[in-house]
Each structure stands twice: as C-alpha cells, then as structure tokens.
Amino acid sequence: MERWTNEDGVQRLFEIFTASQRLVLKSLDYQGAHLTKYQLYLLIILAKKERLTMGQAASRLGCSKEQATRLVSALVEDGYIERLHSKENRKLVMIRLTKKGSEIICKEKEAAKERLREGLESLSEEERDIFFQSIVRLAPVLQKLENKEKD
C-alpha cells in the first residue's frame, strides 16, 4: 500500500488531476455558452446524476452551500436547471437539469470531442492507444474511490 501513497504516487495523482482538468476545461466553450467554469461543471455533474440536493451539489463543487445556492440561482434563472422540493421532506431542495440544460451539455460534449480529437492528432498512434486504454482502465477505479469517499 505504501508505494501507492508515497510522495511520488501523490504527486502523480496531482499531476493527472491538473493536466486532465486543463485538458477538459480547454476543450469546453463555457465562455461561448456564457457560463462560468463552475456552472458548466455543475451541469456536467447533473447530466451524470438525475438529481442532487443542494448539499450534494456544494460537496461535488467543493464549495459552501451559500456559494452553490448563488451558482444554482443563476442557472435556474437562465433555464438550465430547476429546483424541486422533496415529497418526503418539503425543506429538502433538489436540483436537476432542464431540457435546455441537457441540450447545452450535449452541445458541449460534441464540441469537446472535436477539440480533444484535434489535440490527440499531435500524438502518435501508439500514444493515442496508451491514452485511451489508460482512461478506460482508470475511470472505473477513480469512480470507485470517489464513491468510497461519499460513504
């Protein structure tokens, strides 16, 4: 276990995080969509999940509930997400994508695919294969770790 959590292992994880974050953010057109990075990030999260509570949204964004509320309010005003009240607990506010929000995510995914394709052209075929195989193998492991953190 030690080799996975030593200084080099942690440093590599940080490097993967920052490089993949830059790669993804560079591939998105959040400014053209008139969204902030965090607004687009929340829409991406909601595209993966059916609904989130405000607390879950704040946790996923790594911000306070107050910050998440301001962010959500702007997205509600623009028609990208909607607020719902839980039937079991009326105080519990849930958020989900609207049709307009789903459409912007689909548009951004297509644009991201094209920009990533352009970037991948600078790699050799072998490097592209390594990149793809690494992502396919790493994604479920990271998802498992993320889900473990939520427990």
For Cys63 versus Ala68, what's the shortest heavy-atom pair and its separation? SG-N, 3.8 Å
Lys48 vs Ile44, test: side chain to side chain contact (heavy atoms under 4.5 Å, CB included). Steps then yes/no. CA-CA 7 Å; Lys48 198 170 125 178; Ile44 291 168; over 6 Å; no
With sequence neighbours left out, the residues meeting side-chain hydrogen bond (donor to acceptor under 3.5 Å, both in side chains) with Arg70 are none
Testing the basics here: between Ile95 and Leu46, what is the closest heavy-atom pair and its distance to 0.1 Å? O-CD2, 3.7 Å
side-chain hydrogen bond (donor to acceptor under 3.5 Å, both in side chains) filter on Glu125, not counting sequence neighbours, yields none
Start with the C-alpha distance between Val76 and Thr98, add both sets of side-chain angles, then the distance that settles side chain to side chain contact (heavy atoms under 4.5 Å, CB included), and finish with yes or no. CA-CA 9 Å; Val76 168; Thr98 61; over 6 Å; no
How many angstroms lie between NE2 in His34 and CG in Leu40, if you round to the nearest 0.5 Å? 13.0 Å
Under the rule for side-chain hydrogen bond (donor to acceptor under 3.5 Å, both in side chains), what residues qualify as partners of Lys109, not counting sequence neighbours? none
Would you mind writing out the side-chain donor-acceptor pairs for residues 111-120 within the sub-3.5 Å range, not counting sequence neighbours?
residue : atom : partner : partner atom : Å
Lys113  : NZ   : Glu110  : OE2          : 3.1
Glu114  : OE1  : Arg117  : NH1          : 2.8
Arg115  : NH1  : Ser27   : O            : 2.6

So, the side chain of Thr69 versus the backbone of Lys65: is there a donor-acceptor pair under 3.5 Å, distance only? yes
Ile104 side, atom CD1; Lys107 side, atom NZ - distance, nearest 0.5 Å: 4.5 Å
Determine whether Glu127 and Ser122 satisfy the following criterion, side chain to side chain contact (heavy atoms under 4.5 Å, CB included), listing intermediate values before the conclusion. CA-CA 10 Å; Glu127 289 170 323; Ser122 67; over 6 Å; no
So how far is it from Asp78 CG to Lys100 NZ, rounded to the nearest 0.5 Å? 6.0 Å
Can you name the side-chain hydrogen bond (donor to acceptor under 3.5 Å, both in side chains) partners of Ser134, sequence neighbours left out? none
Distance in Å, Leu61 CG paired with Leu52 CG, rounded so as to fall on 0.5 Å steps: 9.0 Å
Residues which pass salt bridge (charged side-chain N to carboxylate O under 4.0 Å, His left out) with Arg96, listed by chain and number, not counting sequence neighbours: Glu82
When every non-hydrogen atom of Ile105 is compared with those of Ala47, the smallest separation belongs to CG2-CB, 3.8 Å
Please determine whether residues Leu75 and Met94 belong to a single hydrophobic cluster, defined as Ile, Leu, Val, Met, Phe, Trp and Tyr linked transitively by side-chain heavy-atom distances below 4.5 Å. no
